Each structure stands twice: as structure tokens, then as C-alpha cells.
Amino acid sequence: MTNRLPFFLIDPYILTALKEDINEEDISTNAIIDAEARGHVKLLAKGDGIIAGLPVFERVFSLLDQQSSLEFFKKDGDPVRKGDHIATVRGQLRTLLTGERVALNFLQRMSGIASYTRQMVDCLGESKSKIVDTRKTTPNFRLFAKYAVTVGGGGNHRYNLTDGLMLKDNHIQAAGSIKAAVEKARNYASFVRKIEVEVESMDQVEEALEAGADIIMLDNMTPEKMKKAIELIGGRALVELSGNIDLTNLHLYKDLGADIISSGALTHSAPVLDLSMKELGRDLE
């Protein structure tokens with residue numbers, strides 16, 4: 001199936017996960033299953049949500065057994081309901097049992113992120129603001145988490161520290177002022193780079209505007225103060241809202257007029273979508 005996760009990017013992470021889980025062998029499976037035995041098993045939904053990560057799920061089994069195959073009845077981004085038959089996996093029985101946990105770990109976590117993101121997107125409704133993720137991701141899972149956010153209808157903030165120029169409170173303190181930080185950043189970075197500045201007060205908003213910031217992040221301000229700040233900015237810079245925003249309080253921020261709302265909760269607080277592999281069967285020889 002098509003995907004935006006090229007194998008050369010995801011394979012090292014999947015192989016690391018397999019090595020962590022298998023080490024030398026799956027002793028339980030190898031003890032009772034003949035190496036030549038082949039079979040099939042169903043991937044089933046045990047809860048409602050958005051499925052994400054099917055290409056990763058498929059790749060786990062193909063790395064263990066190139067002869068394995070999957071028949072899909074859903075694609076990434078599709079809604080699933082409890083009891084839905086999402087896919088059937090076919091291959092060596094040892095492969096189906098050995099790869100099960102790693103494949104489900106990826107798929108459940110990614111689907112949980114996509115499902116939570118879709119809830120946030122639905123909450124925004126007709127708001128002009130777009131919901132995006134942050135770098136608050138599980139180590140070595142960022143590639144998968146950020147992909148899952150897009151499957152859920154959200155957007156990605158910078159992927160890593162090289163991807164975007166963001167001056168946060170400690171950068172500003174180290175430079176001495178917002179003006180000094182922006183000047184240093186503009187002299188250092190290519191002209192094609194936008195400069196984002198994190199602010200926490202109206203005085204800092206004014207300083208960021210005077211310094212020529214391209215994006216102003218309003219961080220940990222009350223919705224009332226954010227609204228006043230957005231009015232002050234008046235379209236002279238893109239506006240991002242941030243600071244403990246999640247599904248429980250998004251309604252307080254969605255109509256303030258910001259361009260972007262970033263939420264770490266998309267990737268660090270989304271519950272997994274419950275999935276299982278059931279009805280294992282042996283193929284007739």
C-alpha cells in the first residue's frame with residue numbers, strides 16, 4: 001500500500017524494535033510451531049478511532065518474512081469501530097506470532113495519536129487556526145508520531161532543531177533581549193529561514209514586533225491576554241498559541257484568531273487505540 005513513510009527511513013527503527021523484543025529467538029513460538037507451517041490471522045479493532053500506521057504494521061512482517069502478505073480492508077485515515085476487520089496477515093505462523101507485539105505497538109500508538117488529533121481538528125470546526133504538534137515525542141518515535149498527526153488531519157511543527165529557527169525564553173535570556181536574539185539569528189541563518197519568537201507578556205510582543213519576528217508564539221498566556229496580543233500584532237506576524245493546550249480546553253483558544261495552535265498533547269498524551277490480532281489459522285498444505 002502507498003505511504004509517506006519510505007522504508008529507508010522507517011526500517012532502522014522497526015529493526016531496533018524487533019531486536020529489543022526478540023533478541024535471539026521467540027522461544028515460546030519456536031518451541032511449538034514448525035518452521036514450515038504457514039497461516040493467517042485477522043487484525044481487529046477493539047475500540048473506535050482513526051487507523052494510522054498500516055504501512056508500518058505491514059513492514060514489520062515483511063522484514064521478518066519477505067513472503068508474508070497483507071490484505072487490507074481499511075487505509076490510513078479511515079475511521080474504525082469496535083469489531084471492524086481491518087486486515088488479514090498471511091505468512092509463516094512463526095512470523096505472525098513473533099511480529100505480533102511489535103507490529104501492534106506501532107499501530108496502536110500511531111492510531112491513538114491520529115484519533116486524538118482528529119478529535120482536536122473536529123473541535124476546531126470552522127476556526128481559522130490549524131492544530132499542530134510539537135517536539136514532545138517519545139525518543140525514536142518522532143517520525144511515526146508526526147506522520148500519525150497528519151493522518152488525523154493536523155499539521156507538523158518543526159521536525160527537529162535543524163528544521164526551524166525558534167527563539168525560546170532561554171535563548172532570549174542568553175542573548176540578553178529579544179532584539180539581540182533576533183538580530184543574531186537573522187545574521188546567522190539563511191534569508192529563507194523564518195524566525196519565531198516565544199513571548200509571555202505584552203511587552204515582549206511589542207519587542208518581538210519591533211525586532212521583525214516572522215512568527216510570534218504566545219506561550220502560557222490567558223486566553224484574554226492572547227486575544228489582546230493578537231489584536232496588537234494585527235497581522236504583522238504569524239501567531240501561534242501554545243502552553244498546555246489539549247482537548248479539554250481547546251475551545252477557549254480556537255476562536256481567538258491565531259494562525260496556529262500547537263499542542264504537545266497530540267503526541268505525549270493521546271491514549272492508544274485498542275487493536276488485536278485474533279482468529280489465527282493454519283493454511284492447508
Side-chain angles (χ1 to χ4, degrees), residues 4-5 9 113 117 120-121 124 127-137 142-223 225-246 250 253-268:
R4 289 174 287 162
L5 292 170
L9 289 178
I113 291 171
T117 301
M120 295 279 270
V121 170
L124 285 176
S127 170
K128 66 166 286 188
S129 301
K130 182 176 180 63
I131 193 75
V132 304
D133 54 30
T134 71
R135 285 170 42 243
K136 295 178 180 178
T137 56
R142 183 172 298 173
L143 184 68
F144 306 99
K146 283 183 170 285
Y147 168 78
V149 167
T150 65
V151 171
N156 297 146
H157 207 291
R158 57 178 177 166
Y159 180 76
N160 57 26
L161 292 174
T162 306
D163 195 38
L165 208 163
M166 180 187 295
L167 304 177
K168 299 176 72 67
D169 53 354
N170 286 332
H171 296 109
I172 293 166
Q173 185 173 358
S177 68
I178 290 176
K179 180 180 179 181
V182 171
E183 287 180 351
K184 288 177 179 291
R186 205 167 299 279
N187 289 334
Y188 182 85
S190 166
F191 70 94
V192 301
R193 295 276 192 173
K194 289 184 178 181
I195 297 176
E196 180 168 10
V197 176
E198 176 188 277
V199 302
E200 296 181 342
S201 69
M202 296 299 288
D203 288 342
Q204 288 185 326
V205 171
E206 293 181 351
E207 188 178 357
L209 285 170
E210 291 174 3
D214 302 296
I215 309 167
I216 297 177
M217 175 199 285
L218 308 178
D219 189 47
N220 287 309
M221 298 170 66
T222 65
K225 286 186 177 180
M226 286 181 171
K227 184 174 178 58
K228 291 180 180 179
I230 292 170
E231 292 173 352
L232 174 61
I233 294 168
R236 288 178 285 173
L238 291 174
V239 179
E240 175 183 341
L241 308 184
S242 184
N244 299 310
I245 300 174
D246 59 24
L250 181 60
Y253 303 90
K254 67 176 187 175
D255 295 321
L256 298 182
D259 300 286
I260 300 293
I261 298 176
S262 58
S263 172
L266 294 179
T267 54
H268 69 58

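Index from 1, following the sequence. Note that the coordinates shown come from a computational prediction; the quantities given were computed from them, not determined experimentally.
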From Asp169, Leu167, Val205, residue fulfilling side-chain contact (heavy atoms from CB on, under 4.5 Å) relative to Val199: Val205
Just by distance, no angles: are the side chains of Ser242 and Ser262 close enough, under 3.5 Å, to form a donor-acceptor pair? yes
What distance separates Glu206 CD from Ile178 CD1, expressed to the nearest 0.5 Å? 10.5 Å
Atom OH in Tyr159, atom CG in Leu143: separation rounded to 0.5 Å? 4.5 Å
Is there a salt bridge (Lys or Arg N to Asp or Glu O under 4.0 Å) between Lys130 and Asp259 once you walk through the steps? CA-CA 6 Å; Lys130 182 176 180 63; Asp259 300 286; over 6 Å; no
Working to the nearest 0.5 Å, report the span between CE of Met166 and CD1 of Ile195. 12.5 Å
Quick one: does Arg186's side chain get under 4.5 Å of Asp214's, heavy atoms only? yes
Minimum heavy-atom distance between Ala258 and Ser129, given as atom pair plus value: O-OG, 2.7 Å
Minimal non-hydrogen separation, Thr137 against Thr134, with atom names: CG2-O, 4.0 Å
Scanning both residues in full, the closest heavy-atom pair of Arg135 with Arg158 reads NH1-NH2, 3.2 Å
If the test is side-chain contact (heavy atoms from CB on, under 4.5 Å), which one of Ile215, Leu209, Ile172 qualifies with Val197? Ile172
So CG of Leu218 and CD of Glu198: to nearest 0.5 Å the spacing works out to 10.0 Å
Output for pair (Glu196 CD, Ile260 CD1), nearest 0.5 Å, gives 9.0 Å
Using atom types as modelled and distance alone, determine if a side-chain donor or acceptor of Ser263 lies under 3.5 Å from a backbone N or O of Asp246. no
Given side chain to side chain contact (heavy atoms under 4.5 Å, CB included), test Leu256 with Ile261 step by step and report yes or no. CA-CA 10 Å; Leu256 298 182; Ile261 298 176; over 6 Å; no
Within a radius of less than 6.0 Å around CD of Glu231, do more than 12 heavy atoms belonging to other residues, nucleotides or ligands occur? yes
What's the separation between atom CE in Met221 and atom NZ in Lys227, rounded to the nearest 0.5 Å? 13.0 Å
Taking atom CG as the centre, does Asp163 end up with more than 12 heavy-atom neighbours from other residues, nucleotides or ligands that are less than 6.0 angstrom away? yes
